[in-house]
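Input: a single structure, listed below in structure tokens.
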Amino acid sequence: MVGADGSGEPPSLRPTGLSGVGWSDVCDVLQLSTGPVARATVADLRVSGLTADSRLVHPGDLYVAAPGATVHGADFTAEAIDRGAVAVLTDPAGVDRALAGSGSAPVAVVDRPRALIPALADRIYDHPSRRLRLFGITGTNGKTTTAYLLQAALRAAGLRVGLIGTIGFQVDDRPLAARRTTVTTPEAAELHALLAVMLEQGADAVVMEVSSHALALGRVDGLRFAVAAFTNFGSDHLDFHGDVGSYFAAKASLFTAERADGAVISIDDARGPELVDRSRREGLDPVRSVSLDGAADYTVRLREDAAGGRTTVTAGTPTADVRFALGLPGEFNVRNALTALAMADLVGVDLERAAAGLADAVVPGRMQRVDLGDGAPTVFVDFAHTPQAVSAVLAGLGGRRRIVVLGCGGDRDPEKRGPMGAAAAEAAELVVVTDDNPRSEDPVAIRAQVLAGARAEAGRTDHAVQVVDGGPRRDAIATALAAAGPGDVVAVLGKGHERGQEVAGRVLPFADEDAIREVWTALHPSAVSDRTATASDSSERVHR
Ligand SMILES: CC(=O)N[C@H]1[C@@H](OP(=O)(O)OP(=O)(O)OC[C@H]2O[C@@H](n3ccc(=O)[nH]c3=O)[C@H](O)[C@@H]2O)O[C@H](CO)[C@@H](O)[C@@H]1O[C@H](C)C(=O)N[C@@H](C)C(=O)N[C@H](CCC(=O)O)C(=O)O
Ligand SMILES: Nc1ncnc2c1ncn2[C@@H]1O[C@H](COP(=O)(O)OP(=O)(O)OP(=O)(O)O)[C@@H](O)[C@H]1O
Ligand SMILES: N[C@H](CCC[C@H](N)C(=O)O)C(=O)O
């Protein structure tokens, strides 16, 4: 199938084995008698899917023409019909425009069409969420990592596991082809279709990242999670939520007895204990706590660090101690692993088997080592894009000298820019400020905000810090690598797994890992040719 953008990938994933529902079923969910349906030739009408995005319509769909923050979906009715939509659902404000574009398709009108999408999708796709064990993970940082760890644990315990999150969709290790947006948690219509696809592919469980946007915009409404988990809370997304209280309230809304059968909450975060209390008041039971160093249901009794960032952990659980190995470096990843282990434990899988699965879990673009060979500095790519994440990554990184390359995304929370610069300066000896995804903003102006935070902190630290404006990303990486000697650590932060850089509405190809290798080759051509003679393909080891 050719995607809406002309690419070879499907615009969104759909189950293949379902026959859809009749119009009377749709009206049932809408609680319409078939009443306000315009031009109704509906007797034989079957609806096989739905979407609120005209660009994602499949033939046989109900197109939900709903208002958004910038435009009204009714403006795209004709496009939806051209792609094969067989019916339209809109609100009173959209009805004239929907009728103008709908041809002979029926148009139903309700006050809040978007709010009905979860119930419609559940019916049209034959209630997929009821037949899957759902695990939802929220928090400012750590959702993707914890999701990968939990997936690995559940698979080791014998389950077939779907994964939905920032990096993409997969069942077990197999990626499901779908044109991706930047969205972490898909819209409700696409999400239910995806669950139905995963069910068709044999999944027993689905591990899902649940963003605060998803909670605020109702993308996970109608789903019931076997376990909901909270990793931490930090500075992000205030551009969308407005203030810290609303941002936290969005995350906390996952922790109710209606949405989840149980919860796992990290109490190392200042907001954790508050969320534990709040969840209990909401009637959630059980609520289990995780902490690296406090009294908690899941904690670390013994931690043994080995070379290369590997760790062996003896974890205390409510029933017995469990020992596991972890390949992901960083103390925060021990916490992520403990959270994943607690989530698996809550549904009663074999804990020893689940724990064994954590050992080889890798997450693309998170604490990912880029091996440049003997004598080179230790180089990491990581997705840290909040002040807390920058601090967490740099804490305990070691090295003779720490060099950080980082910037901040445009059209995203400007409040975090200075603090991210400061977090880098607090822990590093050289901070090279650069561009992330400038999007519609002026990259020089974003860099100035990051630089101001870094320079202010550099004036306060008790160690010497050099802060430089590294310019565009490739140049900044070159500055960092040219300055790095053997024994130094270079952390390139913010873009992790991303393979493009969004500048002024265009996504240009850019991957940190590739740029690092190319720049290193240019700086040290002889070292690299020596290395290719002895190592077959280092990138294979990095990606696994
Ligand atoms: C703030 C936010 O989440 N906005 C989402 C919202 O946009 P909107 O309300 O502005 O919609 P709009 O552009 O006015 O369009 C109105 C309606 O017309 C439809 N439309 C619009 C254009 C068109 O050609 N055809 C069409 O049908 C839209 O699908 C929509 O239903 O509805 C759109 C359609 O569903 C989403 O694409 C859009 O997410 C955009 C892609 C986005 O960037 N979201 C990010 C910020 C996001 O959700 N991030 C979170 C957090 C990640 C993290 O934790 O770091 C995530 O879960 O990824
Ligand atoms: N538990 C944690 N505490 C603090 N920082 C963390 C934690 N886990 C991961 N990080 C840092 O945050 C970065 C992003 O991690 P991850 O992708 O797992 O989070 P996320 O919540 O999925 O982020 P996003 O929502 O933006 O996709 C990591 O690269 C790491 O730097
Ligand atoms: N899901 C996050 C990712 C940010 C990654 C960073 N590279 C940036 O572009 O700011 C967001 O959309 O805010």
Side-chain angles (χ1 to χ4, degrees), residues 4 51-57 63-77 79-80 94 113-114 117 137-149 165-167 181-190 209-217 219-220 231-234 236-237 239-241 251 266 268-269 290 292 328 330-339 363-368 380-395 406-413 416 420 435-439 446 491 493-498 501-502 512:
T51 181
D53 190 332
S54 60
R55 295 158 291 196
L56 301 182
V57 166
Y63 173 57
V64 182
T70 50
V71 289
H72 198 296
D75 292 336
F76 308 97
T77 307
E79 183 191 335
R114 204 180 284 280
I117 292 175
I137 302 166
T138 197
T140 306
N141 303 117
K143 296 183 295 296
T144 302
T145 311
T146 306
Y148 268 73
L149 288 163
T166 310
I167 296 181
T181 64
T182 57
V183 168
T184 292
T185 314
E187 296 289 331
E190 282 68 39
E209 295 180 45
V210 183
S211 67
S212 57
H213 288 74
L215 288 158
L217 296 172
R219 295 181 194 159
V220 295
T231 56
N232 65 18
F233 186 74
D236 209 358
H237 302 314
D239 51 325
F240 176 73
H241 295 286
K251 294 217 171 287
S266 163
D268 287 340
D269 186 278
V290 168
L292 291 190
L328 299 178
E331 181 171 78
F332 59 93
N333 279 323
V334 175
R335 189 178 297 112
N336 292 337
L338 211 52
T339 303
V363 193
R366 272 70 176 168
M367 297 302 280
Q368 179 186 317
F380 280 100
V381 167
D382 186 80
F383 197 46
H385 56 267
T386 66
Q388 293 76 16
V390 173
S391 298
V393 163
L394 299 181
L406 94 167
C408 288
D411 303 337
R412 295 288 185 274
D413 194 356
K416 69 179 177 180
M420 278 176 66
D435 304 333
D436 193 295
N437 292 303
R439 301 193 176 87
I446 301 176
L493 304 182
K495 289 180 61 61
H497 63 285
E498 294 177 356
Q501 186 175 33
E502 191 178 335
D512 280 346

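Start at 1 and go down the list; that is how both ligands and their atoms are numbered.
The distance criterion of under 3.5 Å between nitrogen or oxygen atoms is not met by H385 with respect to ligand 1. Annotation: H385 places no N or O atom under 3.5 Å from an N or O atom of ligand 3; distance criterion only.
Proximity of E209 to ligand 1, defined as any heavy-atom pair under 4.0 Å, is not found for any part of the residue. When non-hydrogen atoms are compared, ligand 3 lies under 4.0 Å from the side chain of R439 (C-beta onward) but not from its backbone.
Within ligand 2, counting atoms from 1 as listed, the ones closer than 4.0 Å to a heavy atom of V393 are 30 (C), 31 (O). Residue contact check: R114 has heavy atoms under 4.0 Å from atoms 17 (C), 30 (C), 31 (O) of ligand 1. Annotation for ligand 2: atoms under 4.0 Å from non-hydrogen atoms of T166 are 27 (O). Within the listing of ligand 3, atoms 5 (C), 6 (C), 7 (N) sit less than 4.0 angstrom from a heavy atom of G494.
Applying the salt bridge (charged side-chain N to carboxylate O under 4.0 Å, His left out) rule to R366 yields no partners; only residues at least two apart in sequence or on another chain are considered. Here E190 pairs with nothing under the salt bridge (charged side-chain N to carboxylate O under 4.0 Å, His left out) rule; sequence neighbours left out.
The closest approach between any non-hydrogen atom of T339 and ligand 2 is not below 4.0 Å.
Of the listed residues (K143, E498, K495), the one carrying the non-hydrogen atom nearest atom 5 (C) of ligand 3 is E498. Between atom 7 (N) of ligand 3 and the options D436, T386, T184, the minimum heavy-atom separation is to D436.
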